[in-house]
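Quantities reported herein were computed from a predicted structural model and do not represent experimental measurements.
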Amino acid sequence: MADLLLTTVWFVPGYALLGALLAGAWSPGTIRKTGPRPSGYINLVLTFLAFLHSLLALPATWNQPAQQISWIWLDAAGLTLTLDLKISALTVGAMALVTGLNLLAQIFAVGYMEMDWGWGRFYAMLGVFEAGLCALILCNSLFFSYVILEVLTLGTYLLVGLWFSQPLVVTGARDAFLTKRVGDLILLMGVVALLPLAGTWNFDELAQWAQTADLDPKVATLLGLALIAGPLGKCAQFPLHLWLDEAMEGPVPSTILRNSVVVATGAWVLIRLQPLLALSQIATTTAIYIGAVTAVGASAIAIAQIDIKRSLSYSVSAYMGLMFIAVGTGETQTALMLLLSYAVAMALLVTCTGGLIWNTITQDLTQYGGLWSRRPISGLAFLVGAAGLVALPPFGGFWALLKMAENLWEAHPELVGVLLVVNGLTTFSLIREFGLIFAGKPKPMTVRSPEVHWPMVLPMVVLMGVTLHIPLILMECNLLPDWANLNVTVAGALIGSTVVGGGLAGFIYLSDRISKPVKFGPQSVQDFFAYDFYTAKLYKLTIVFAVGLVSQIVFWFDRYIVDGLVNLVGLFTVFSGQSLKYNVSGQTQFYALTILFGVAVLGMLLAWPSLSKIFLVFN
């Protein structure tokens, strides 16, 4: 049975795609009598089948070599494009993770979007997301991976813009789409340039080619930078990070997928491209610097936010920055390990905060307080999610960060410092949020804020259990370090950064001894972090200004030069036609005389160079 499921595991993306197509019958209301709810239930059933298929097929891949499946998609004019799939324990396990998270997100949406008019479209878009993610996981071709990334970008635009009647939603969807397009365009240049160099787009063949490739250093650098650009936008790294913040305008159930696995699509592709990036020292160094700057900067920005969603979104960018550091230093296994522990913990945090937003009707942290006695399940879930994200033993985040720090300890000790700073700041940020939400006295918005109903509590409890079991999963995969070879110094430093960050935040936000809101330094410094280093204003003064100036110049040239010339020809035609109509008599001999006169004038013009030479001879 397991072998049969393994041979057909490539159909897992088809379950979600079928659900998305069937949901179209209820959007935008083709079927009216039943209401839109059947579209959600159909997608739930098909996503459950996809999850079950992946989970049951996983044992058949354990300790087995990867299987390759290839179909010829295009063979014309000397160009052969093949759709390559790779079935292994890693890809099947990743599909089980994606389908499981999407199943929980859809169950959460049953409660969160109970009365929403866009139910059918929402579930259809979740199906497209799931199908795209599973197809990207299986895909072993860079070209088709790029195509799938574009589909996911479109899906982001449609999901973020679900409530398109709100101006902020429209702006957020537009900015998310356009920001990703910047990185995708440069990535496309790298994808196209790679084919004549390597002769293939297959990831495994590219890795083999990279081992013996002899590229010019400039070519290798430009190629590596182009391949980094796409994941840079997908993972919301500086300076293309603002889209994730604005994408928070979309529904919370879609944020469960976006913050946990959708942003990680860029990291997944970057991991597959690591052998190519290693061809250029400049490319790998650039990836490390981008990751370090984003990780530290986004962690600091998260502390200054008063919006729950915004604070979590910057923590997402910070952890994706750690992925860039891991890939830049060649630690792809560490990146995958960190990706697993991060995805589950972040999904748990999003479900918890989504339940808080749903019946408290606010995202402002300053309006929360005193919810521990009213929302014990949510409070416990938040603590478990925070513990799974940071370096707190024995949770999964600790083991992933420990392995990363141990690998960096000898060659890149400065990056260990970056890791400690990010871990400390993230712990501070999460405990700060917990203190503002659950500690203190109830406020007007939280006096009547009971625990949410079961469709939203169930995914939270399940994710809480999975987060607690991540260390067991890592142990089953032989990813936990050997206790005899454990670097006590590094482990102690990580735990110390967690204790310092969490202890400081607890001292400030879990007691009433310090008045709220807390002010750290001058107001200008707080504004500098709260407004994201003024990145949006910097965009307006540079990129937006330059594009606007070029647009004005092009408009002026088109309006007054091109359009003016066309109008001049039109006016000349009108006036000449008006003047000619008075010379029309209706007599044949007059028409013949006019034609002869025109031919004579034309002949004179054509013969003028010869006539001028004759005049010169006579003179």
Check the pair Ser317, Thr294 against side-chain hydrogen bond (donor to acceptor under 3.5 Å, both in side chains), reporting the backbone distance first and the verdict last. CA-CA 7 Å; Ser317 295; Thr294 304; over 6 Å; no
Between [Y] and [X], is there a side-chain heavy-atom distance shorter than 4.5 Å?
X      : Y      : answer
Leu244 : Asn259 : yes
Val452 : Arg375 : yes
Ile431 : Tyr509 : no
Ile495 : Leu392 : no
Thr427 : Asn423 : yes
Met323 : Cys235 : no
Leu242 : Thr179 : no
Pro450 : Asn359 : yes

Flag if over 12 foreign heavy atoms under 6.0 Å of [atom1], [X]:
X      : atom1 : value
Leu58  : CG    : yes
His453 : NE2   : yes
Tyr534 : OH    : yes
Glu410 : CD    : no
Phe48  : CZ    : no

Heavy-atom pair with the smallest gap, counting every atom of [X] and [Y]:
X      : Y      : result
Met95  : Ser54  : CB-OG, 3.9 Å
Ala295 : Leu322 : CB-CD2, 4.1 Å
Tyr112 : Trp358 : O-NE1, 3.2 Å
Ala109 : Tyr123 : CB-OH, 3.5 Å
Gly328 : Thr284 : O-CB, 3.6 Å
Gly385 : Ala345 : O-CB, 3.6 Å

Ignoring hydrogens and geometry, is there a side-chain-to-backbone donor-acceptor pair from [X] to [Y] under 3.5 Å?
X      : Y      : result
Glu406 : Asn487 : yes
Arg374 : Val447 : yes
Ser429 : Leu425 : no
Thr351 : Leu348 : yes
Thr446 : Leu371 : no
Lys309 : Met248 : yes
Trp399 : Ser341 : no
His469 : Gly465 : yes
Glu433 : Ser311 : no
Tyr314 : Ile303 : no

For Leu101 and Leu97: C-alpha separation, side-chain torsions, deciding distance, then whether side chain to side chain contact (heavy atoms under 4.5 Å, CB included) applies. CA-CA 6 Å; Leu101 289 177; Leu97 174 65; 4.0 Å; yes
Might you work through the side chain to side chain contact (heavy atoms under 4.5 Å, CB included) test for Phe428 and Ile508, ending with a clear yes or no? CA-CA 10 Å; Phe428 185 95; Ile508 297 173; 4.2 Å; yes
Assess, by modelled atom type and distance only, whether the side chains of [X] and [Y] contain a donor and an acceptor separated by less than 3.5 Å.
X      : Y      : value
Ser449 : Thr360 : yes
Thr47  : Gln106 : yes
Thr334 : Asn407 : yes
Thr156 : Arg258 : no
Thr99  : Glu130 : no

Can you classify the ring geometry of Trp372 versus Phe434 as parallel (below 30°), tilted (30 to 60°) or perpendicular (above 60°)?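 Perpendicular, since the angle between the ring planes exceeds 60°.
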Phe238 and His241 aromatic ring geometry - parallel, tilted or perpendicular at 30°/60° bounds: tilted
Measure the [atom1]-[atom2] distance between [X] and [Y] for me, rounded to the nearest 0.5 Å.
X      : Y      : atom1 : atom2 : answer
Gln363 : Leu356 : CD    : CG    : 11.0 Å
Leu158 : Ser254 : CG    : OG    : 11.5 Å
Trp243 : Arg181 : CH2   : CZ    : 13.5 Å
Leu277 : Leu270 : CG    : CG    : 5.5 Å
Lys180 : Leu232 : NZ    : CG    : 12.5 Å
Leu480 : Leu472 : CG    : CG    : 8.5 Å

Test side chain to side chain contact (heavy atoms under 4.5 Å, CB included) applied to Leu402 and Phe398, step by step: CA-CA 6 Å; Leu402 176 61; Phe398 168 74; 4.0 Å; yes
Have a look at Leu349 and tell me which of Ile308, Leu430, Thr467 forms a side-chain contact (heavy atoms from CB on, under 4.5 Å) with it. Leu430
Stepwise, does the side-chain hydrogen bond (donor to acceptor under 3.5 Å, both in side chains) test hold for Asp364 with Thr366? CA-CA 5 Å; Asp364 191 343; Thr366 61; 2.7 Å; yes
What verdict does the side chain to side chain contact (heavy atoms under 4.5 Å, CB included) test give for Phe395 and Leu389, after you've listed the backbone C-alpha separation in whole Å, the side-chain angles of each residue and the deciding distance to 0.1 Å? CA-CA 8 Å; Phe395 294 93; Leu389 198 63; over 6 Å; no
